[in-house]
J.: 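Questions regarding the structure given below will be posed in turn.
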Amino acid sequence: MRILITASVMFSLLSGFLNQYINMPGGSLTIVPIALVIVMGLIVIVKKQRIEPYTGFYVLIYLTIISLLLTAYKTGITFSAFKIFAYLFVVLIMVNTLKRSTLATIYKLAIILGVVTSIDIMLAGARVVQMGIDIVNIRKYTLFDKQYLNVIYSVVIPLTITKWLIGKRKKYLLVAIMFIISAVFIMQIKTLILSIVIGLIIIMYGFKMMNRKLFVIALTTMTAVVIASSSLLAGFLPTQFVTAIQYATGNMDNVAKEHLKYADTVIVREAIVKHALEQYRENAILGVGFGNYAETTRAVDVNLAVNRQALNKLPEVLENGILYLLVEGGTLFAVLHFLILGYIFVKAFRRTDPDEVYAGTYFVLLSLFISNFVQDNNETFMYWFAIAAAVYMLKENGEAPRAERALAGSLAAVPKLAQ
């Protein structure tokens, strides 16, 4: 079981590389190990004749599955809907079969992957500079594309920071710095700054590592730095970032023609949000159905800054996990999902002396959730595994209420009564 769970997570993290060589239905390499995890997990639970006492969490998951089935009944069953259903079901299995040793192994392997990935990025960066190519084209020379790297670094940076901050192991600070340099400064994954910094501030406040006053000061300072970086330090920022700010503020007069392509990123995202909200208003409760958003974009065109006379097709992906939940899953699914996350963090933050594995687990989940605002992590198995790991870790904090323990005991007794 430990091998299967580890394999499913590592397949998820490595999918950006493996998909280049292995073709699977829907492009999901994790489906095979996940299916095996479900089968073996059910066997383990039946043998133990016991489920972990997380009644509140189970109820929310079951309601989420019902919401998914209602949406599928209304809009049709797609591979994306099936995949989300499998992820929800495997979460139920994993909270009953995970072990701390399995988590420790997965985290160790993830950090090793992060080191290999960072070395690859640095070598690619050196190659691009040597060839005289703009650094923004580095993604053509790396093992992973940006969206996959965002997920990897949203996992390994929180893990190394907690190992340094809580585990007091200084070498992991150096590893975290290497990850940040590779991801933010070389690969230009600027959204990581927000997800990691905001996540760290919330984690430290949640686990009582800073008081409310420091929490407010930290958030205010971060906001001030972002504003200052956008205005006072514009001359030191990447061209694409400055161009995007100039477009957003309506100051395009001094933008060179060759830089207009950077404004297109903002234009396309605006068009995506506008179209997505239109689809949401028309299908507010149950959504358009998982995997069906692409169909709604076929007849939609966008005018770009480079050539205002040309029409360009609207991308078929939302590139925003929150919009994804609302548009494809509907309000019902999205609200239940947010309730699950709320359930987890309210209970998790009752502990005031977390170790590095405990704190790292919630930091990873928080980082993936925050980055969900700028990219879609919902169809990435790593995101759902982080949810399962976070629920599993709650039992180390004694967060199983007496009523839930009693219910779990009753359910476990059913097979014995039937004998």
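Nothing here was measured: the structure is a model prediction, and the numbers come from that model.
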J.: Return the set of residues passing side-chain contact (heavy atoms from CB on, under 4.5 Å) with Lys170 (not counting sequence neighbours), or none when no residue passes.
T.: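 Once residues adjacent in sequence are excluded, Lys170 has no partner under the side-chain contact (heavy atoms from CB on, under 4.5 Å) criterion.
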J.: Apply side-chain contact (heavy atoms from CB on, under 4.5 Å) to residues Leu318 and Asp376 and explain how you reach the verdict.
T.: CA-CA 7 Å; Leu318 281 162; Asp376 183 11; 5.9 Å; no
J.: Are more than 12 heavy atoms from other residues, nucleotides or ligands located less than 6.0 Å from atom CD1 of Ile3?
T.: no
J.: Test: ring pair (Phe, Tyr, Trp, His ring centres under 6.0 Å). Region: residues 193-219. Which pairs qualify, not counting sequence neighbours?
T.: Tyr205-Phe215, Phe207-Phe349, Phe207-Tyr358
J.: Look up atom CD1 in Ile119 and atom CG in Leu123, then write down how far apart they are to the nearest 0.5 Å.
T.: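 Those atoms lie 7.5 Å apart.
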J.: Determine whether Val288 and Thr75 make a side-chain contact, defined as any pair of heavy atoms from C-beta on separated by less than 4.5 Å.
T.: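 A side-chain contact is absent here, since even the closest heavy-atom pair is not under 4.5 Å.
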J.: Would you say Met1 and Lys99 make side-chain contact, with heavy atoms under 4.5 Å?
T.: no
J.: Decide yes or no for Leu165 and Met209: does some side-chain heavy atom of the first lie under 4.5 Å from some side-chain heavy atom of the second?
T.: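 Leu165 vs Met209: side chains touch.
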J.: In terms of the angle between their ring planes, are Phe369 and Phe338 parallel, tilted or perpendicular, with boundaries placed at 30° and 60°?
T.: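 Ring orientation of Phe369 relative to Phe338: perpendicular.
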J.: In chain order, what residues pass the side-chain contact (heavy atoms from CB on, under 4.5 Å) check against Asn320, with sequence neighbours excluded?
T.: Ile322, Leu323
J.: Closest approach of Ser195 and Ile370, non-hydrogen atoms and distance?
T.: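 For Ser195 and Ile370, the tightest heavy-atom pair comes out as CA-CG2, 3.6 Å.
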J.: Atom CZ of residue position Arg212 - does it have more than 12 heavy atoms of other residues, nucleotides or ligands inside 6.0 Å?
T.: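 It does not: Arg212 CZ has 12 such atoms or fewer within range.
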J.: Starting at CE of Met382, measure out to CG of Leu13 and round the result to the nearest 0.5 Å.
T.: 5.5 Å
J.: For Thr78 and Asn292, run side-chain hydrogen bond (donor to acceptor under 3.5 Å, both in side chains): C-alpha distance rounded to whole Å, both residues' side-chain angles, the deciding distance at 0.1 Å, then the answer.
T.: CA-CA 8 Å; Thr78 63; Asn292 293 328; 5.0 Å; no
J.: Return the set of residues passing side-chain hydrogen bond (donor to acceptor under 3.5 Å, both in side chains) with Arg169 (not counting sequence neighbours), or none when no residue passes.
T.: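 Arg169 satisfies side-chain hydrogen bond (donor to acceptor under 3.5 Å, both in side chains) with Glu356 only.
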J.: Dump the intermediate steps for side-chain contact (heavy atoms from CB on, under 4.5 Å) on Leu159 and Phe363, then the final yes or no.
T.: CA-CA 8 Å; Leu159 290 177; Phe363 194 176; over 6 Å; no
J.: Given Thr97, which partner from the list Val37, Leu42, Val44, Thr102 fulfils the side-chain contact (heavy atoms from CB on, under 4.5 Å) test?
T.: Val44
J.: Between atom CD1 of Ile189 and atom CG of Leu149, what is the distance when rounded to the nearest 0.5 Å?
T.: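 The distance works out to 5.0 Å.
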J.: Would a 4.5 Å heavy-atom cut-off, applied to side chains only, mark Tyr153 and Val184 as touching?
T.: no
J.: Heavy-atom count check: over 12 atoms from other residues, nucleotides or ligands less than 6.0 Å from Lys108 NZ?
T.: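 No, NZ of Lys108 has 12 or fewer neighbouring heavy atoms, counting only those of other groups under 6.0 Å.
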J.: Quick one: does Thr71's side chain have a donor or acceptor within less than 3.5 Å of a partner on Leu286's backbone?
T.: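 Flag set: sc Thr71 to bb Leu286 pair under 3.5 Å.
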J.: Considering only heavy atoms from C-beta outward, does the side chain of Asn283 approach that of Lys74 to under 4.5 Å?
T.: yes
J.: Between Tyr324 and His337, does the ring centre distance come in under 6.0 Å?
T.: no
J.: Could you check whether any side-chain N or O of Asp120 sits under 3.5 Å from a backbone N or O of Thr142, counting only pairs where one atom can act as donor and the other as acceptor?
T.: no
J.: Between Met393 and Val357, is there a side-chain heavy-atom distance shorter than 4.5 Å?
T.: yes
J.: Checking side-chain hydrogen bond (donor to acceptor under 3.5 Å, both in side chains) for the pair His275/Thr297: CA distance, chi angles, key distance, verdict?
T.: CA-CA 8 Å; His275 178 69; Thr297 66; 6.0 Å; no
J.: Report yes or no: do Ser12 and Tyr383 form a side-chain donor-acceptor pair below 3.5 Å?
T.: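 No - no donor-acceptor pair under 3.5 Å links their side chains.
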J.: Is the closest side-chain donor-acceptor distance between Thr331 and Tyr280 under 3.5 Å?
T.: yes
J.: List for me each residue that meets side-chain contact (heavy atoms from CB on, under 4.5 Å) alongside Ile77, sequence neighbours excluded, and say none if there are none.
T.: Ala72
J.: CZ/Phe85 to OG/Ser80 distance, rounded to the nearest 0.5 angstrom?
T.: 15.0 Å
J.: Closest approach of Ser371 and Asn150, non-hydrogen atoms and distance?
T.: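 Here Ser371 and Asn150 meet closest at CB-OD1, 4.3 Å.
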J.: Determine whether Leu14 and Leu113 make a side-chain contact, defined as any pair of heavy atoms from C-beta on separated by less than 4.5 Å.
T.: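 Counting from C-beta outward, Leu14 and Leu113 do come under 4.5 Å.
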J.: Is it true that atom NZ of Lys208 has more than 12 heavy atoms of other residues, nucleotides or ligands lying nearer than 6.0 Å?
T.: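 Yes, enclosed.
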J.: Can you find a heavy atom in the side chain of Tyr172 that is under 4.5 Å from one in the side chain of Ile111?
T.: yes
J.: Nearest 0.5 Å please: distance from the CG atom of Asn377 over to the CG atom of Asn372.
T.: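 Answer rounded to 0.5 Å: 4.5 Å.
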J.: Between Leu98 and Ala389, what is the shortest heavy-atom contact and its length?
T.: CD1-CA, 3.8 Å
J.: Describe, in one word, how the ring planes of Phe82 and Phe79 are oriented to each other, choosing from parallel (under 30°), tilted (30 to 60°) and perpendicular (over 60°).
T.: tilted
J.: Decide side-chain contact (heavy atoms from CB on, under 4.5 Å) for Gln375 and Val151; before the verdict, give the C-alpha distance in whole Å, the side-chain angles of both, and the deciding distance to 0.1 Å.
T.: CA-CA 9 Å; Gln375 77 164 35; Val151 173; 3.5 Å; yes
J.: Taking all atoms of both residues into account, what is the closest heavy-atom pair of Leu192 and Ala183, and its distance?
T.: CD1-CB, 3.5 Å
J.: Write down the atom of Ile106, the atom of Phe385, and the distance for their closest heavy-atom approach.
T.: CD1-CZ, 3.5 Å
J.: Does any N or O in the side chain of Asn96 come within less than 3.5 Å of the main-chain N or O of Leu92, such that one atom is a donor and the other an acceptor?
T.: yes
J.: Using only atom types and a distance under 3.5 Å, with no angle test, would you say the side chain of Tyr148 pairs donor to acceptor with the backbone of Ser15?
T.: no
J.: From Ile34 CD1 over to Trp384 CH2, what is the distance, rounded to the nearest 0.5 angstrom?
T.: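 The CH2 atom of Trp384 is 11.5 Å from CD1 of Ile34, to the nearest 0.5 Å.
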J.: I'd like to check the side-chain hydrogen bond (donor to acceptor under 3.5 Å, both in side chains) partners of Thr361; sequence neighbours left out, ordered by chain and number.
T.: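 Per chain and number, Thr361 pairs via side-chain hydrogen bond (donor to acceptor under 3.5 Å, both in side chains) with Tyr107.
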J.: Should Arg281 and Leu277 be marked as a side-chain contact (heavy atoms from CB on, under 4.5 Å) after you check the CA-CA gap, both sets of side-chain angles, and the distance that decides it?
T.: CA-CA 6 Å; Arg281 282 192 290 268; Leu277 292 178; 4.0 Å; yes
J.: Using every non-hydrogen atom in the two residues, find where Glu316 and Tyr293 come nearest and quote the distance to one decimal.
T.: O-CD2, 3.5 Å
J.: Let me know which of Ile387, Ile61, Val391 forms a side-chain contact (heavy atoms from CB on, under 4.5 Å) with Val95.
T.: Val391
